[in-house]
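FYI, side chains are in, hydrogens and waters are out, and symmetry mates aren't considered; it's all heavy atoms of this structure. Since the model is a prediction, treat every value here as computed from it, not as a measurement. So that the names make sense, note that chain A is the first sequence line, chain B the second, and so on, each numbered from 1.
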2 protein chains.
Amino acid sequence: MNEITKRQKDYLNAAIGLVSERGFSKLTFRNIAQEVGVTEASVYRHFSNKLDLLRALLKDLEESIAPHFEKLVDTSIPPKERLEQLIKGLFCAFEKNSAHTSIIFSEEAFHSEEELRNDLKSISERNISFLSSFYKDLQENQLCRSDIDSKELALVTLGSIKLTVTRWRICEKNLGLEDAVSNLINTHSVLFNLRNE
Amino acid sequence: MNEITKRQKDYLNAAIGLVSERGFSKLTFRNIAQEVGVTEASVYRHFSNKLDLLRALLKDLEESIAPHFEKLVDTSIPPKERLEQLIKGLFCAFEKNSAHTSIIFSEEAFHSEEELRNDLKSISERNISFLSSFYKDLQENQLCRSDIDSKELALVTLGSIKLTVTRWRICEKNLGLEDAVSNLINTHSVLFNLRNE
DNA sequence: TTAAAGTAAGTTATCGTTAACTAACATATT
DNA sequence: AATATGTTAGTTAACGATAACTTACTTTAA
């Protein structure tokens, strides 16, 4: 609910780095404190408990990802470019902090906390709905195949993005992310018969 | 390496149930022991440490999933049916034990253990390669669109399957898995222009 | 009778969390 | 200007719970 303070943001950045580099299981008050250079108890000055911290973390990550999906409905840009910008934007964010993928894409992480699980669900459904209305608009303007429901197209796109990121993470960044992105865009163009006009 | 004993299998089943119902973080020696009805130390009679247990768990899950992918190359069955059987088979396995999804699909769970991360990677690549050669064969027989590389098609399919399972899990099984399956198959038929002959 | 399976009772380490207290600074009152 | 009050961000030290893991002893079954 409340706005985040500058100092809280410091702690959150430490948390994000921790998840990115050492995994979700290493996200502890001790480790965050160590990263920031303070004591464990000090973290409690800014987050009253772990749920509170996770809530803030999820919100912070959502705010860094949502804009990419929102841009999908900006009709001043050619549709294929919009999709390209979404994919590139997301992958760029993921490259900077793979915590984004760990958290945004991992329902497992929040298995125990129903509230956070629901938050994660909302974020995911919102992203799907942006993608879906993007495709619906294209279909209505004959810029995309319309023999498949726009929501199904959205699910295919999101699934591909998630899988690509997952594989890229697991391969320890061996395979080029750039190539993966252009493959993704090309595959979508052909498969969905995307046109700019 | 070694074959698994009957008693070990009991413990693994308990472990799978645990992950399915209470999440990966609740997979502890204490909880496994409690499920089986023995003492914590007893579990150590069968698995020398946690890495050993996770190794066995991963192998066990792989053995229950691999056959579904292997059936893809059985040319005695019409191709569309083969794909349908893969998807249905996987979803059926996931419905019985959602641990399969937590583990097979979650790179996060094994973030800290490089050995297991590599195992997971191998399993994933193997599955992709089965799907890929399935599509390649179809393409060579003009039973599938061939303007996109078979591996890209495989990635789209796997991504869709994973996303569908994830969403189904997160929604607490509210939305029907049956519908999701038939949607998936239909979307693939149309999108990939799949034919039986 | 001997090897496999189980137990009780510990170890050490780390987790989230709290309590009691301090130093530095801003604001308000006299 | 000087004093009083409040806030912010930090400290040390401990709490109970739980994790992985060990040792020494007992039961059970081929």
S.K.: Do R167(B) and K121(A) have side chains that get closer than 4.5 Å, going by heavy atoms?
M.R.: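 No, side chains not in contact.
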S.K.: Measuring to OP1 and OP2 of dA5(C), would you say a side-chain N or O of S42(B) lies under 4.0 angstrom away?
M.R.: no
S.K.: Which class fits the ring pair Y44(B) and F29(B): parallel under 30°, tilted 30 to 60°, perpendicular over 60°?
M.R.: parallel
S.K.: Apply salt bridge (Lys or Arg N to Asp or Glu O under 4.0 Å) to E197(A) and K80(A), showing your working.
M.R.: CA-CA 10 Å; E197(A) 52 191 291; K80(A) 278 174 80 167; over 6 Å; no
S.K.: Show the nearest heavy-atom pair for residues E40(B) and R30(B), with the distance to one decimal.
M.R.: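 Taking every non-hydrogen atom into account, OE1-NH1, 2.7 Å.
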S.K.: Any chance you could list the contact pattern along nucleotides 19-30 of chain D? Use B for base contacts, S for sugar-phosphate-only contacts and - for none, protein heavy atoms under 4.0 Å, 5' to 3'.
M.R.: BBBB-BB-----
S.K.: We want to know whether T28(B) and N31(B) form a side-chain donor-acceptor pair, criterion being a heavy-atom distance below 3.5 angstrom.
M.R.: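 Their side chains do contain a donor-acceptor pair, which is all the 3.5 Å distance test asks for.
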S.K.: What is the distance, rounded to the nearest whole Å, between atom CD1 of I32(A) and atom P of dT14(C)?
M.R.: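 Rounded to the whole Å, the gap is 17 Å.
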S.K.: Please report the closest heavy-atom contact between A56(A) and F47(A), naming both atoms and the distance.
M.R.: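 Minimum heavy-atom separation between A56(A) and F47(A): CB-CE2, 3.8 Å.
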S.K.: Apply the test side chain to side chain contact (heavy atoms under 4.5 Å, CB included) to residues V38(B) and I32(B): give CA-CA distance (whole Å), side-chain angles for both, the deciding distance (0.1 Å), then the verdict.
M.R.: CA-CA 9 Å; V38(B) 293; I32(B) 293 171; over 6 Å; no
S.K.: Report the C-alpha separation of K151(A) and D149(A) in whole Å, then their side-chain angles, then the decisive distance to 0.1 Å, and conclude whether the salt bridge (Lys or Arg N to Asp or Glu O under 4.0 Å) test is met.
M.R.: CA-CA 5 Å; K151(A) 187 168 181 183; D149(A) 188 71; over 6 Å; no
S.K.: Hey, can you pull the residues of residues 7-15 of chain A with a non-hydrogen atom under 4.0 angstrom from DNA chain D?
M.R.: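 The answer is R7(A), Y11(A).
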S.K.: Using the benzene-type ring in the case of Trp, are the ring centres of F192(B) and Y135(B) under 6.0 Å apart?
M.R.: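 Close enough - the centres of the two rings lie under 6.0 Å apart.
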S.K.: Dot-bracket for DNA chain D, please, read 5' to 3', with Watson-Crick or G-U wobble pairs under 3.5 Å on both distances, ( ) within the strand, [ ] crossing, | other strand, . unpaired.
M.R.: ||||||||||||||||||||||||||||||
S.K.: Distance alone, cut at 3.5 Å: any donor-acceptor contact between the side chains of T157(B) and H188(B)?
M.R.: yes
S.K.: How long is the line joining CZ of F47(A) and P of dT17(C), in whole Å?
M.R.: 13 Å
S.K.: Kindly say if H46(A) contacts the phosphate of dG10(D), meaning a side-chain N or O under 4.0 Å from OP1 or OP2.
M.R.: yes
